[in-house]
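Working notes for the structure below.
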Amino acid sequence: MPVPPIRLRRLAVALALCCALLAGTAACSGDDSGTAAATPTATGSVEKQKFAKTRFVANAGLAAGATYQWIVKPYRQGRFAKGADGRTAALIKAGLAGTFAYNRLKAATRNAQGDPTLARAVAPLTAGIDALKGLPSKLRQGDSSAVGAFDDIIGKVKGAGKDAGAEVKDQVPSTSQLASG
């Protein structure tokens, strides 16, 4: 039985998009061995990265977007309260978003170390970012104090980026990015 032309075109478009996404992720996930020589910063000798500010903005933006979309916003709407409609789903998404945001913030600090100006601005925030590690499990358990901690650190990272000339804007990741991050 022959495949209808519309189905065939859709299949071709889907295949092309998948190939483009795979090629893009392969290009972005390589090691940074081709980067420039080490540059001393406030945190010691760190390898300078290509496009450190751009990577910092992207990672911090994803962390900020995930935090706002799936942690702060549902909390303000009362979706974490006992008996609220969709509470379980909201808490699961918040836990995933917390883990994703922590991961992206750690990546953003590594990116910041590749740029001397960003490194000095973000260095005081590393302890606060490290403190976020246990908060996703608190979110899943319904501890609302974690919401304020995430929101506070995101605000400080955005401020540090702005001071260093790398303004961070929220970028809401997809639910599939949350699950994989």
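Below, each value reflects all heavy atoms present in this structure, side chains not excepted, and no hydrogens, waters or symmetry copies. All values reported here derive from a predicted model rather than from experimental measurement.
A pairwise comparison of heavy atoms in Ser176 and Ser174 identifies OG-OG, 3.0 Å as the closest pair. The heavy-atom pair separating Ala66 from Leu178 by the smallest distance is CB-CD2, 4.2 Å. Across all their heavy atoms, Arg104 and Ala63 have their closest contact at CB-CB, 3.9 Å. Contact between Ala166 and Val57 at its shortest, heavy atoms only, is CB-CG2, 3.7 Å. Shown here for Pro124 and Arg120, the closest heavy-atom pair between the two residues is CD-O, 3.5 Å. The two residues Leu125 and Ala160 have their closest heavy-atom pair at CD1-CB, 3.9 Å.
For the side-chain contact (heavy atoms from CB on, under 4.5 Å) with Trp70, the lone residue among Ile92, Leu96, Val172 that qualifies is Val172.
Every residue two or more places apart in sequence or in another chain that forms a side chain to side chain contact (heavy atoms under 4.5 Å, CB included) with Val72 is listed here: Thr67, Tyr68, Arg76, Val147, Asp151. With sequence neighbours excluded, the residues that form a side chain to side chain contact (heavy atoms under 4.5 Å, CB included) with Ala108 are Phe56, Asn59, Ala60. With sequence neighbours left out, Asp163 forms a side chain to side chain contact (heavy atoms under 4.5 Å, CB included) with no residue at all. With sequence neighbours excluded, the residues that form a side chain to side chain contact (heavy atoms under 4.5 Å, CB included) with Gln77 are Lys73, Arg79. By the salt bridge (charged side-chain N to carboxylate O under 4.0 Å, His left out) test, Lys158 is found to be paired with Asp170, residues two or more places apart in sequence or in another chain being considered.
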TODO: Give the C-alpha distance, both sets of side-chain angles, the deciding distance and a yes or no for side chain to side chain contact (heavy atoms under 4.5 Å, CB included) between Leu105 and Ile154.
DONE: CA-CA 9 Å; Leu105 286 172; Ile154 293 292; 3.9 Å; yes
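When side chains are defined from C-beta on, Leu135 does not count as touching Tyr102, because their heavy atoms never get closer than 4.5 Å.
More than 12 non-hydrogen atoms from other residues, nucleotides or ligands lie less than 6.0 angstrom from NZ of Lys53.
The line from CD of Gln171 to CD of Gln69 is 13.5 Å long, rounded to the nearest 0.5 Å.
Note on residues 122-136: pairs passing side-chain hydrogen bond (donor to acceptor under 3.5 Å, both in side chains), not counting sequence neighbours, are Lys106-Asp130.
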